[in-house]
Amino acid sequence: MPPGTGRADPYRVWLSEVMLQQTTVAAVKDYFIRFTTLWPRIEDLAAAEDARVMAEWAGLGYYARARNLLACARKVAETGGFPDTRTGLRALPGIGPYTSAAIAAIAHDQPETVVDGNVERVVARLFAVETALPAAKAELTALAETLTPRKRPGDYAQAMMDLGATICTPRSPACGICPLIADCDARARGIAADLPRKAPKAPRPERRGIAWVARHGQSLLLEQRPAKGLLGGTLAFPSTGWDGRELPPPGAAQWRELGEVRHVFTHFNLSLRVMLGDLTGNPERGALVPLRQIDRDALPGLMRKVWDMARPEIAA
DNA sequence: CATGCGTGGAG
DNA sequence: TCTCCAAGCAT
């Protein structure tokens, strides 16, 4: 949306902002095009099946966003449209302090203060705030609010985020070409690159588990994971030992270990042993899916790794 | 306020 | 290889 264009379609603003939560523009781009092509209006998305939306979201991560996306779309479609105030937006599933302000500012050009990671960094440097995040969050928000203009607040919000993304970057900020260099306290004190300070992070523990690729003729056993928790609502091979669930393996005469896949989650590293076997009876959970119907793109990243390991071992 | 929640890219 | 992290939200 070019600057000065005025109102933007709230549906598209909302969809892009949700996709961009903790996710890079590069990663979002194709997903956004795909979603808006499949579902041009929020009513179209509201009418979609859960599994279809989860499949289209697969690979983008943070799957609670997809579940909240659908819940939000259905609520908005029911009530006839998006709220046009930050408070109204804030009450919807998946829309928090950042996204509500972003939609109000960008789609409705309201003078709401948008504070994302970029703005936190820009403001921390402008005012040389040395308190570490996340404790500094409230102070940074209050300082940011003093900057929000009455004119073109939507363009201003986007400009602040762009400044943080391209010039006031986390490492080696390009202060030499920054339009705010004359106002920047951190720059004046030579500590721009050290801000914002952050509380140290806990090390990521290792976890191990097993995934079963259970074959039955020309079909494999897949399951929809429980809606809450890790990879909630996504399509997956049955597995256990790594996510707090302890479930028995599907019944097979014998299992052959194909190898291990590694995966990094936000708060732990995972080694998952991949076992291949032939089902002896009817599976107690999940559903048999014909091989040619299995869409790699509909699987979350971890399960794509399992699939890629098993695929060559499975007869066409 | 701390924790849980994905993934891929940059340095 | 490893660390950091990207336009956060829910609980």
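In what follows, chains carry the letters A, B, and so on, assigned in the order in which the sequence lines appear, proteins first and then strands, with residues in each chain numbered from 1.
The cationic group of A:R204 does not satisfy the cation-pi geometry with A:F268, failing either the under 6.0 Å distance to the six-membered ring centre or the 45° limit from the ring axis.
Distance A:R121 CZ to C:dA6 P: 5 Å, rounded to the nearest Å.
A centroid separation of 6.0 Å or more is found between the aromatic rings of A:H267 and A:F265. Annotation: A:W14 is in aromatic contact with A:F82 [ring centroid separation under 6.0 Å].
The salt bridge (Lys or Arg N to Asp or Glu O under 4.0 Å) test with A:E260 is passed by exactly one of A:R273, A:K305, A:R208: A:R208. Remark: of the listed residues A:H216, A:Q254, A:R215, A:R215 is the sole one forming a side-chain hydrogen bond (donor to acceptor under 3.5 Å, both in side chains) with A:D278.
Nearest to the side-chain atoms of A:P300 among the listed nucleotides B:dT7, C:dG8, B:dA2 stands B:dT7. With B:dC5, B:dT7, C:dA10 as the choices, the nucleotide that has an atom nearest any side-chain atom of A:L230 turns out to be B:dC5.
Contact between the side-chain N/O atoms of A:K201 and the OP1/OP2 oxygens of C:dC5 is found at a separation under 4.0 Å. In this structure, A:H267 does not reach the B:dG4 phosphate: none of its side-chain N or O atoms is under 4.0 Å from OP1 or OP2. Here A:Y63 reaches the OP1 or OP2 of B:dT7: one of its side-chain N or O atoms lies under 4.0 Å away.
At a cut-off of 3.5 angstrom, counting only N and O atoms as typed in the model, there is no donor on one side facing an acceptor on the other between the side-chain of A:T266 and the base of B:dG4. A donor-acceptor contact under 3.5 Å is not formed by the side chain of A:Y98 with the base of C:dG8.
Across all strands, A:S16 comes closer than 4.0 Å to no nucleic acid atom at all (heavy-atom distances).
For the pair A:R90 and A:M161, both in contact range of DNA chain C, the more 5′-proximal nearest nucleotide belongs to A:M161. In terms of position along DNA chain B, the nucleotide closest to A:F268 lies nearer the 5' end than the nucleotide closest to the other residue of the pair A:F268 and A:R304.
Contact check for A:L195 versus A:R197: side-chain heavy atoms found under the 4.5 Å cut-off.
Near DNA chain B, defined here as any heavy-atom distance below 4.0 Å, the residues from residues 163-172 of chain A are A:R171, listed numerically. Within residues 22-36 of chain A, the residues approached by DNA chain C to less than 4.0 Å at the level of any non-hydrogen atom are A:Q22, A:T24, A:V25, in residue-number order.
Residues passing the side-chain hydrogen bond (donor to acceptor under 3.5 Å, both in side chains) test with A:Q21, sequence neighbours excluded: A:T99.
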